[in-house]
Novice: 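Pasting in a structure now, in structure tokens, and then I'll have a few things to ask.
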Amino acid sequence: MKYRAPKGTRDILPAEAAVWSHIEALFRHAAARYGYGEIRTPAFEDVQLFIRSIGSDTDIVSKEMYDFVDKGGRRISLKPEGTAPVVRAFIQNNLQAVNPLTKLFYISPMFRYDRPQAGRYRQFHQLGVEAIGSDDPLLDMEVIMLAISFLRAIGLKHTTLLLNSVACGNCRPRYVEALKDFLAKSHDDLCEDCRRRYTDNPLRLLDCKNPACKALLQKSPQISAYICGPCREHFDKVRKGLDSLGIAYTVDPSMVRGLDYYTRTAFEITHDGLGAQSSIAGGGRYDRLIKECGGPDLTGMGFAAGLERLLLALEAEATMPARRIPCSAYLIALGERARINTLSYLYKLRDAGLHVEYDYLGRSLKAQMRAADRLSCRFAVIIGDDELERGTASIKDLAQGSQTEVQLTALVDYLLQ
RNA sequence: GUGGGUGUAGCUCAAUCGGUUAGAGCGCUGGACUGUGGCUCCAGAGGUUGCGGGUUCAAUUCCCGUCACUCACCCCA
């Protein structure tokens, strides 16, 4: 009988969990600076929420949903992404009545039934934000800046910002038609995947990696020639805003995000040290989603970053922060009498806020000293029969190698020094 | 869902053409130092060689199956 973590999931052990916490804390700080409040939504939702919002033709919905029927006959899915649940919560709790502009952030596990590979898991973790209630392009810019600011804070350097406008509900269909018209005559020359995309999701044709398809698409119509005046104006304002701050970006007309709800601004941040899954963060504007989910006619903008991929990127840059929390003291009580008589000091020191270690394995003094060293303890506090007689403790400074003896009554103050 | 690669100690890896008791480094435990860490030296614990079958006098090694991991496609964080 042998149990393993389910495929595509893994255990985060203390050394790694410390790094996770650190990155999460930096994200919380970034979100706080920008005025975003935390929201925690359930791990699962009515499956229809995702089908309606993400789009039934997307891969996420058609083959990656972790869905099931619960004992009450409800069709449920573990959340594959964060925006739809936040929008649902926004509507359900009438947040537009509380504040005309709602700014939220979340840190949450997500679930997709994919084949795992480098940087891709069935349970993964996203850090994201949503800003709902304004269609100001400067809000798009704020969300992008928050993402960039956060990535800088964790120390990532080799990132690329890709930017595109995926147009709106009015002008995108015109472009899709133009694209299909253009490809209609060479339909048979497209790769198998692209022939499927041609009917299911024509925009996805744009980022096909097949050389033959790429060649065909060389002269394909560009979305920039088809987007409507307001969309063009919106995109220009986002770009000008980023320009004014000297933020480097690449306009990538082939960048099409895999969720149907995006309109206008779409962006992605990539890192080249990750293998095939190079995207570490992505997001965009959604102008129809909230209304389609039954809410008010409000627009939103958001992004999410993948925590596992951030860690891979940090590893690739060899700047993974070492998170070793040093220990204040290792309390070594030698013999039964000392163990009983020093217990109160162990807990007094801990109550005073110090990290104090103690042996429960019956190890020798030498072994305890070695343990103290491994834990990077500042002091070893030794209390044996000799010390008990004198009412003292021997305190060795493990960095200096020096040792002094202090009265037990002064022990806490000495270590707090 | 499709394809490739890899499964040996807690971790990273050896093991000649198929050959006898499967090794090393790191880590862990103990000792050298009867109450003092790091450095050094010595010793010890730790293995169903993923699992099942086949070929063979003999399988960690070759073959088949299976499971797991991994990388890639698709797609995305």
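Order of the sequence lines sets the chain letters (A, B, ...), proteins ahead of strands, with each chain counted from 1.
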Novice: Respond yes when some side-chain nitrogen or oxygen of A/Q117 is under 4.0 Å from OP1 or OP2 of B/A72, and no when none is.
Specialist: yes
Novice: Using the C1' atom on both, measure B/G47 against B/G7 and round to a whole Å.
Specialist: 14 Å
Novice: How close do A/Y358 and A/A333 get, counting heavy atoms only, and between which atoms?
Specialist: OH-CB, 4.1 Å
Novice: With a 4.0 Å cut-off on N to O distance, would you call A/E308 and A/R10 a salt bridge?
Specialist: no
Novice: Under 4.0 Å, heavy atoms only, any strand: does A/G128 hit a base, just the sugar-phosphate, or nothing?
Specialist: nothing
Novice: Mind checking A/K63 for me? I need base, sugar-phosphate or nothing, with any heavy atom below 4.0 Å counting as a touch.
Specialist: base
Novice: How far, in whole Å, is B/C13 from B/U8 if one measures between their C1' atoms?
Specialist: 9 Å
Novice: Determine the interatomic distance between C1' on B/C74 and the same-named atom on B/G4; round to the nearest Å.
Specialist: 16 Å
Novice: How long is the line joining CD1 of A/I154 and C1' of B/A77, in whole Å?
Specialist: 13 Å
Novice: Once you measure the plane-to-plane angle for A/Y226 and A/Y175, does it fall in the parallel (<30°), tilted (30-60°) or perpendicular (>60°) bin?
Specialist: tilted
Novice: Within the structure shown, what part of the strands sits under 4.0 Å from A/A371 by heavy-atom distance: base, sugar-phosphate, or nothing?
Specialist: nothing
Novice: Looking at A/Q277 and B/C71, is any side-chain donor or acceptor paired with a base atom of the opposite kind under 3.5 Å?
Specialist: no
Novice: Please walk me through it: do A/R288 and A/T263 pass side-chain hydrogen bond (donor to acceptor under 3.5 Å, both in side chains)?
Specialist: CA-CA 8 Å; A/R288 303 192 321 253; A/T263 55; over 6 Å; no
Novice: Can you spot which of A/D140, A/D287, A/D135 makes a side-chain hydrogen bond (donor to acceptor under 3.5 Å, both in side chains) with A/H234?
Specialist: A/D140
Novice: Rounding to an integer number of angstrom, what distance separates B/U12 and B/U55 when you compare their P atoms?
Specialist: 35 Å
Novice: For A/R152, look at atom CZ and say whether over 12 heavy atoms of other residues, nucleotides or ligands are found less than 6.0 Å away.
Specialist: no
Novice: Only one of A/F50, A/Y113, A/F44, A/Y121 forms a ring pair (Phe, Tyr, Trp, His ring centres under 6.0 Å) with A/Y66, so which one is it?
Specialist: A/Y113
Novice: Pick base, sugar-phosphate or nothing for A/R370, based on heavy-atom distances below 4.0 Å to the nucleic acid.
Specialist: sugar-phosphate
Novice: Figure out the OH/P separation between A/Y330 and B/G38, and round it to whole Å.
Specialist: 14 Å
Novice: To the nearest angstrom, how far is A/L13 atom CG from B/G10 atom C1'?
Specialist: 12 Å
Novice: Looking only at atom C1', what distance separates B/C28 and B/C71, rounded to whole Å?
Specialist: 33 Å
Novice: Just call it for A/L365: base, sugar-phosphate, or nothing, with non-hydrogen atoms closer than 4.0 Å on any strand.
Specialist: base
Novice: Nearest to the side chain of A/D59, heavy atoms from C-beta on, is which of B/C75, B/C73, B/A77?
Specialist: B/C75
Novice: Regarding A/Y121, tell me which of base, sugar-phosphate or nothing describes its non-hydrogen contacts under 4.0 Å with the strands shown.
Specialist: base
Novice: Pick one: which of A/R33, A/K103, A/R285 meets salt bridge (Lys or Arg N to Asp or Glu O under 4.0 Å) with A/E142?
Specialist: A/K103
Novice: Side chain of A/D373: nearest nucleotide among B/C74, B/G38, B/C69?
Specialist: B/G38
Novice: Taking the nucleotide of RNA chain B with the closest heavy atom to each, which residue, A/Y113 or A/G282, is nearer the 5' end?
Specialist: A/Y113
Novice: Is the base of B/C74 touched by the side chain of A/R120 through a donor-acceptor pair closer than 3.5 angstrom?
Specialist: yes
Novice: Would you mind classifying the nucleic acid contact of A/E268 as base, sugar-phosphate or nothing, using non-hydrogen atoms under 4.0 angstrom?
Specialist: nothing
Novice: Would you mind telling me which of B/A77, B/G35, B/G37 lies closest to the side-chain atoms of A/S279?
Specialist: B/A77
Novice: Identify which nucleotide among B/G30, B/A32, B/A72 has an atom closest to any side-chain atom of A/S364, counting heavy atoms from C-beta outward.
Specialist: B/G30
Novice: Take atom CE of A/M369 and atom C1' of B/G37, then tell me their distance rounded to the nearest Å.
Specialist: 5 Å
Novice: A/F124 ring centre to A/R120 NZ or CZ under 6.0 Å, with the angle to the axis within 45°?
Specialist: no
Novice: Without decimals, in angstroms, what is the distance between A/R122 CZ and B/C69 C1'?
Specialist: 13 Å
Novice: Taking B/A15 as the reference, what is the distance to B/A32 when you measure between their C1' atoms (whole Å, please)?
Specialist: 33 Å
Novice: Using the side-chain heavy atoms of A/K396, tell me which of these nucleotides is nearest: B/G30, B/A77, B/G37.
Specialist: B/G37
Novice: Starting at the 5' end of RNA chain B, write a dot or bracket for each base, bracketing those in Watson-Crick or G-U wobble pairs whose two distances are under 3.5 Å and using | for partners on another strand.
Specialist: (((((((..((((.....[...)))).(((((.......))))).....(((((..]....))))))))))))....
Novice: In whole Å, what separates the C1' atom of B/G50 from that of B/A45?
Specialist: 23 Å
Novice: Base, sugar-phosphate alone, or nothing: which one does A/I382 contact when heavy atoms must sit under 4.0 Å apart?
Specialist: base
Novice: Tell me what A/Q403 touches on the nucleic acid: a base, only sugar-phosphate, or nothing, going by heavy atoms under 4.0 Å.
Specialist: base
Novice: How long is the line joining CG of A/L274 and P of B/C71, in whole Å?
Specialist: 12 Å
Novice: To the nearest angstrom, how far is A/L334 atom CG from B/U34 atom P?
Specialist: 13 Å
Novice: What are the two closest heavy atoms between A/N164 and A/P253, and how far apart are they?
Specialist: ND2-O, 3.4 Å
Novice: Considering only side-chain heavy atoms of A/R115, which listed nucleotide, B/U36, B/C69, B/C71, is closest?
Specialist: B/C71
Novice: Does A/A118 reach a base, just sugar-phosphate, or nothing at all? Heavy atoms under 4.0 Å.
Specialist: sugar-phosphate
Novice: Expressed as a whole number of angstroms, how long is the span from A/L310:CG to B/A77:C1'?
Specialist: 8 Å
Novice: Go nucleotide by nucleotide along RNA chain B from the 5' end; which of A/G384 and A/I60 gets its closest nucleotide reached first?
Specialist: A/G384
Novice: Distance between the C1' atoms of B/G27 and B/U21, in whole angstroms?
Specialist: 25 Å
Novice: Could you tell me whether A/D46 and A/R75 make a salt bridge, using a distance below 4.0 angstrom between a side-chain N and a carboxylate O?
Specialist: no
Novice: With heavy atoms under 4.0 Å as the rule, sort A/R363 into base, sugar-phosphate or nothing.
Specialist: sugar-phosphate
